[in-house]
Amino acid sequence: DLIGTWMMQPIVSGSWFFVPRRLEAPRLRMFCFPYAGGSATLFRDWPPLLPDDIELVGIQLPGRAFRLREPAFTEMPKLLDAIEAQVTPHLDEVPYVFWGHSMGALLSFELMRRYQAQGRVMPKLAFLSARRAPHLTSKPLNVAAMNDEEFIDELRKLGGTPDEIINNKRLMNLVLPSLRADFSILYDWEYQDGPSLKLPFKVVGGLADTPIAETDLQAWDRYTEADCSTQMFAGDHFYLHEAQTELLPWLRDVLSQLQV
């Protein structure tokens, strides 16, 4: 049942966190931020393919999956306030990294800016996926303001939403509010210059993600004083689904070699 799968319950802990594999004493914690309209449950199959001492924590935004009945945020500052309130108490527990895909990369970037300004414990590494460098972001289409038919047509063009979901009216009625909310956040967000971050970046993308060139990803290097490298995989904007057999072994190697 598609709706049952999409509303999968959290395996462990509070509603903001989806933890597929709880560890008593992880060496490293990996906070994962999904793309617009996405659920943290998209990371549910990753832990067995990562090092045994890595605890993956998916950030579950309200308005989707097991938080379906909660209203989705429509403003970036308020969403960041809420995420910050949930994640910050855990920063001192164990070294951590961020993984953010598309809108998730933007959320993690803005959260890291806040943490550095506050003098918080910073991630050991940030994976920024399928998102061009912030200063290269042009004003997107106001997808959130489209009527349902136009909105769904735009979803088809963007990809990433399976046809079995788009063609399921009952399920689309459930997911449209959170999708609109996320696109509203992206439309209203505006880049503001700020200090470089003091941690390394791994910038990741799909070779067939035609709107985003590899040079757009490489341009993230201006936002860190540390190392910034780019890794490309086969696939489009949602390569993380298509290229898991290449992506996850690479991710495992990077995390295994990371000194904490």
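Quantities reported herein were computed from a predicted structural model and do not represent experimental measurements. Throughout, residue positions are numbered sequentially from 1 according to the sequence presented. These values consider heavy atoms only, across backbone and side chains, with no hydrogens, waters or symmetry-generated copies.
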Decide yes or no on side chain to side chain contact (heavy atoms under 4.5 Å, CB included) for His101 and Leu107, but give the supporting numbers first.
CA-CA 9 Å; His101 185 88; Leu107 287 173; over 6 Å; no
Within a strict 4.5 Å, meaning less than it, do heavy atoms of the Pro20 and Phe43 side chains meet?
no
Heavy-atom check, side chain of Leu155 versus side chain of Met172, under 4.5 Å
yes
Sequence neighbours excluded and cut-off under 3.5 Å, please list the side-chain donor-acceptor pairs for residues 79-93, or say none.
from  : atom 1 : to     : atom 2 : distance (Å)
Asp81 : OD1    : Arg114 : NH1    : 2.7
Asp81 : OD1    : Arg114 : NH2    : 3.1
Glu84 : OE1    : Arg114 : NH1    : 2.7
Glu84 : OE2    : Gln118 : NE2    : 2.7
Thr88 : OG1    : Glu84  : O      : 2.6
Thr88 : OG1    : Tyr115 : OH     : 2.8
His90 : ND1    : Glu93  : OE1    : 3.2
His90 : ND1    : Glu93  : OE2    : 3.0
Glu93 : OE1    : Arg29  : NH1    : 2.8

Throw together a table of side-chain donor-acceptor distances under 3.5 angstrom for residues 247-257, partners on residues two or more places apart or in other chains.
from   : atom 1 : to     : atom 2 : distance (Å)
Arg252 : NH1    : Leu50  : O      : 2.9
Ser256 : OG     : Arg252 : O      : 2.8

Which residues pass the ring-ring contact (aromatic ring centres under 6.0 Å, His included) test with Tyr96, not counting sequence neighbours?
Phe31, Phe98
Across all chains, not counting sequence neighbours, the salt bridge (Lys or Arg N to Asp or Glu O under 4.0 Å) partners of Lys198 are none
Can you list every ring pair (Phe, Tyr, Trp, His ring centres under 6.0 Å) pair that touches residues 161-216, not counting sequence neighbours?
Phe151-Phe183
List in chain and number order the residues that pass side-chain hydrogen bond (donor to acceptor under 3.5 Å, both in side chains) with Asp52, two or more places apart in sequence or in another chain; answer none if no residue qualifies.
none
Salt bridge (Lys or Arg N to Asp or Glu O under 4.0 Å) filter on Glu75, not counting sequence neighbours, yields Lys78
Determine, for Trp16 and Arg67, whether the Lys NZ or Arg CZ falls below 6.0 Å from the six-membered ring centre while staying within 45 degrees of the axis.
yes
Could you walk me through whether His135 and Arg222 pass the side-chain hydrogen bond (donor to acceptor under 3.5 Å, both in side chains) test, one step at a time?
CA-CA 10 Å; His135 65 286; Arg222 71 182 277 178; 3.3 Å; yes
Do Leu111 and Val94 sit in the same hydrophobic cluster, where Ile, Leu, Val, Met, Phe, Trp and Tyr count as joined when their side-chain heavy atoms come under 4.5 Å apart?
no
Suppose we screen for side-chain hydrogen bond (donor to acceptor under 3.5 Å, both in side chains). Which residues come up paired with Ser102, at least two apart in sequence or across chains?
His237
Partners of Asn173 by side-chain hydrogen bond (donor to acceptor under 3.5 Å, both in side chains), sequence neighbours excluded?
none
Once salt bridge (Lys or Arg N to Asp or Glu O under 4.0 Å) is applied, do any residues pair with Asp153, and if so which ones, sequence neighbours excluded?
none
Enumerate the residue pairs fulfilling salt bridge (Lys or Arg N to Asp or Glu O under 4.0 Å) with a member in residues 202-219, sequence neighbours excluded, ordered by first and then second residue.
Arg132-Asp216
Non-neighbouring partners of Asp53 that pass salt bridge (Lys or Arg N to Asp or Glu O under 4.0 Å), sequence neighbours left out:
Arg27
